[in-house]
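Below, read A as the first sequence line, B as the second, and so on, with proteins coming before strands; counting in each chain starts at 1.
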Protein chains: 2
Amino acid sequence: MNVTGHTRRPASIRDVATAAGVSYQTVSRVINGHPSVKPSTRDRVLAAIDELGFRRNATALALASGRSRAVTVLTANTTHYGYASILQGVEEAARAASYAVGIGVLESAEEAAVAAQVQRAADAGGGLIVIAYDPAGVRALTSVPAELPVVGVVETPASPPGGDRPWVWTDDREAAYQVTRHLLSLGHETVHYVAIPSSTRRTSARTSGWRQALREAGAPEPRPVQGSWGPAGGHTAGRKLAKDPAVTAVLCGNDDLALGVLRALHEAGRAVPDEVSVAGFDDAPHSAYLTPSLTTVRLDFTGLGRAAFALLHGAVEESAQVAPHPVSVPELVVRETSGRPPR
Amino acid sequence: MNVTGHTRRPASIRDVATAAGVSYQTVSRVINGHPSVKPSTRDRVLAAIDELGFRRNATALALASGRSRAVTVLTANTTHYGYASILQGVEEAARAASYAVGIGVLESAEEAAVAAQVQRAADAGGGLIVIAYDPAGVRALTSVPAELPVVGVVETPASPPGGDRPWVWTDDREAAYQVTRHLLSLGHETVHYVAIPSSTRRTSARTSGWRQALREAGAPEPRPVQGSWGPAGGHTAGRKLAKDPAVTAVLCGNDDLALGVLRALHEAGRAVPDEVSVAGFDDAPHSAYLTPSLTTVRLDFTGLGRAAFALLHGAVEESAQVAPHPVSVPELVVRETSGRPPR
DNA sequence: GCCAGGATTGTGACCGGTCACATATGGGCC
DNA sequence: GGCCCATATGTGACCGGTCACAATCCTGGC
């Protein structure tokens, strides 16, 4: 077919209808699996569909029906491992449900810029998934108009931003608690913490898990060092910590931060793990191959993305399997950067 | 307005029209900046638009006009630094042009799966940007139907896949050439190469740049070691190379691979850079903070993404600034993993 | 004062689907 | 045989815009 090579505009249901000798409505019934269509008619229509290479026009479908089978993921960044993994998880689940996935980057946390991005996402139609681990994301989540279906990916379910919106989360608090306990159990007097930028003004889930572990152990609670997201921030923070001989264990808000800290310790001549132990957060793919390899906690980001989509999907379609998402248990991964403190 | 709190369906141009006392067509003219509208009328319409909070429905626009102001990026993975950066670049440029960005992950390189993803992307409407650095991407690029506007992001412009489709590229060949020369200039007899999975059956641009440098220097040309994308592949490859005492310099197809190689060398007790020099490719953000820090070449992936979008944009809209994209010059970044060979 | 012609504005059809309702068709049952 | 109802199919309007064309207004030139 189309032997002429002419770019023919794609077949519509009316084309299929004429080809099959039925009305366009019948074709619509067939493609929607409506029960009351005579088998012989259905076959004729299906044959025509196949013959003409008909595909249902997603745009027209969205316009006419109002639902758009699309999700937009709003994120502050696409290159961070955790964010990118969440995105990948969303895409995976969306693909399985034949939803389209859009993406919007929140380049700045500034009010107007965020609002503009939310608007754009809303224009695209469909639901929204907002990664709200950082100020930009949180602001985006809170500024989503009420009538838009949205799911937040947040770090803590305790009073999550965005009010009573549905959300998914990894148990960051528990994860931080576990790593901190691990370090303490090795004999460290206390554990210092290099934080990622907090998503809210209040303390983050990671910070609070860390603090809880210290408190339970009766360990002193040093003030968290503020880091950024990348290794550069970790490096700066690490330089400060390296100067203090009392520091023997450092927990970092993510693996990139930990990398920077490791580098700073190395530059200061402090051996890891013999003098100082370091632990990260997230278990990025490269962490296992560092020298020394990084002790960290693994979080199931892809699963988180899938869960976020499932929740949104359930909220948008009636065939809702709205089972609250099973929070995956963070897994402590002990490697070479953690050890007993020097005596 | 909307004081009742009722979720009112968004205003359409006909709502605006009645509010302003004009016809819907006049409203359409105003929002499209058509010249022949009396200023006083225009003001009235703009006021009504503002009052009702009117936003042009993107779906209806796409259906009626045929053009959809959307791009879909097809990629094998969202978590690799290079890919994620390209995506980020595309999004940035698309946002500036108020285009929506969609994403499709090519989970498998298998024919049917790839075809399905291309179909889905086509259904979304708008253009396509295919990251064709790997087999899945290349297959996707070649299977895009001719009538769909598409831009390939490829590693080499010499007989790129996808026929005469427009493409953008980083000069991988030149980059590989530079790093290899750098290593040779330090005195290494030759440079071994751990390759990323090649995108085509023929040798990749990186491989050929490496080979050219060796040839020009009259150095022996060892057979490239096949790696994967991640550090695990580099680790396997590195273990093999570590056993051969003749190996004093290793170039890796990307920074993750290099990380794996570094780890393997460490485990085998071979010092870097004193016994073996290692260089990577891409300059991922963490590479500068490794210990020892990684010598690599920086490629402008974000710029590449922006260029890809610009090209597509130019192809789709008449207001075309189709200037062929200025290939950014790869930048050699010499750090600690490269040094003179042992004597 | 009349008319040509550009500036403004309006009307109807259409993009490709869905939805609500009307209209055949075919059995089963009294 | 007639009636009722479930099954099968068709018709018209609509989603919210655009496009092509028609209609009206206004102004200057003769």
Side-chain angles (χ1 to χ4, degrees), chain A residues 7-46 48-49 52-70 98 100 122-126 317-318, chain B residues 7-46 48-49 52-70 98 100 122-126 317-318:
Chain A
T7 297
R8 190 174 49 180
R9 84 159 155 54
S12 74
I13 55 168
R14 322 214 180 213
D15 298 331
V16 174
T18 19
V22 296
S23 78
Y24 53 82
Q25 179 62 293
T26 301
V27 176
S28 174
R29 290 201 181 89
V30 170
I31 59 188
N32 287 303
H34 189 98
S36 62
V37 175
K38 204 201 290 183
S40 66
T41 315
R42 180 192 315 279
D43 290 347
R44 225 155 5 108
V45 170
L46 288 175
I49 285 179
L52 299 177
F54 167 81
R55 305 209 90 215
R56 196 225 241 95
N57 180 321
T59 306
L61 173 61
L63 179 59
S65 68
R67 25 206 146 91
S68 64
R69 302 187 78 72
S98 33
D123 287 349
E317 293 195 10
E318 326 68 43
Chain B
T7 297
R8 190 173 51 182
R9 85 161 152 52
S12 73
I13 57 168
R14 320 211 183 217
D15 298 330
V16 174
T18 20
V22 295
S23 78
Y24 53 82
Q25 179 61 299
T26 300
V27 177
S28 173
R29 288 199 181 90
V30 170
I31 59 188
N32 287 303
H34 189 97
S36 63
V37 175
K38 205 201 291 185
S40 65
T41 314
R42 180 191 318 279
D43 291 347
R44 228 162 355 115
V45 170
L46 288 176
I49 285 178
L52 300 177
F54 168 81
R55 306 209 90 215
R56 195 224 240 95
N57 180 320
T59 307
L61 173 61
L63 178 60
S65 69
R67 21 204 151 93
S68 63
R69 303 186 77 74
S98 34
D123 286 349
E317 293 196 10
E318 326 68 42

How would you label the contact of B:L61 with the nucleic acid (heavy atoms, under 4.0 Å): base, sugar-phosphate, or nothing? sugar-phosphate
Does any donor-acceptor pair link the side chain of A:R29 with the base of D:dG10 at a separation under 3.5 Å? yes
C:dA7 OP1/OP2 closer than 4.0 Å to side-chain N/O of B:S36: no
Atom-to-atom span, OH of B:Y24 to P of D:dC21 - whole angstrom: 16 Å
Rounded to the nearest 0.5 Å, how far does OG1 of B:T26 lie from CZ of B:R42? 11.0 Å
Please confirm whether the shortest side-chain N or O distance from B:R67 to OP1 or OP2 of D:dC19 is below 4.0 Å. yes
OP1 or OP2 of D:dT7 sitting under 4.0 Å from any side-chain N/O of A:R42? no
Determine: side-chain N/O of A:R55 to OP1/OP2 of C:dG16, distance under 4.0 Å, yes or no. no
5′-ward residue of the pair A:S28/B:A60 relative to DNA chain C: B:A60
Side-chain donor or acceptor of B:S28 paired with backbone N/O of B:Y24 under 3.5 Å: no
Does B:R14 contact D:dG17 through a side-chain donor or acceptor facing the base, at a distance under 3.5 Å? yes
Of the listed nucleotides (C:dT11, D:dT18, C:dT18), which one gets closest to any side-chain atom of A:I13? C:dT18
Determine the contact category for A:T41: base if any of its heavy atoms lies under 4.0 Å from a base atom, sugar-phosphate if only primed atoms, P, OP1 or OP2 are that close, otherwise nothing. sugar-phosphate
Integer-rounded Å distance: D:dG10 P and A:K38 NZ: 10 Å
Closest heavy-atom contact between A:A11 and A:F54? O-CD1, 3.2 Å
How do B:L63 and B:T26 order along DNA chain C: which one's closest nucleotide is nearer the 5' end? B:T26
State which residue, out of B:I31, B:V30, B:L46, B:L52, fulfils the side chain to side chain contact (heavy atoms under 4.5 Å, CB included) condition with B:V16. B:L52
Of all the heavy-atom pairs spanning B:A60 and A:L63, show the shortest one and how long it is. CB-CD1, 3.9 Å
Value in whole Å for how far the P atom of C:dG17 lies from NE2 of A:H34: 19 Å
Provide, to the nearest angstrom, the distance between the CZ atom belonging to A:R9 and the C1' atom belonging to C:dC15. 9 Å
Nearest whole Å is fine: how far is D:dG16 P from B:N32 CG? 17 Å
B:N57 side chain near D:dC15 phosphate (N/O to OP1/OP2, under 4.0 Å): no
For the side chain of B:A64, starting at C-beta, report the closest nucleotide among D:dT11, C:dT8, C:dC15. C:dC15
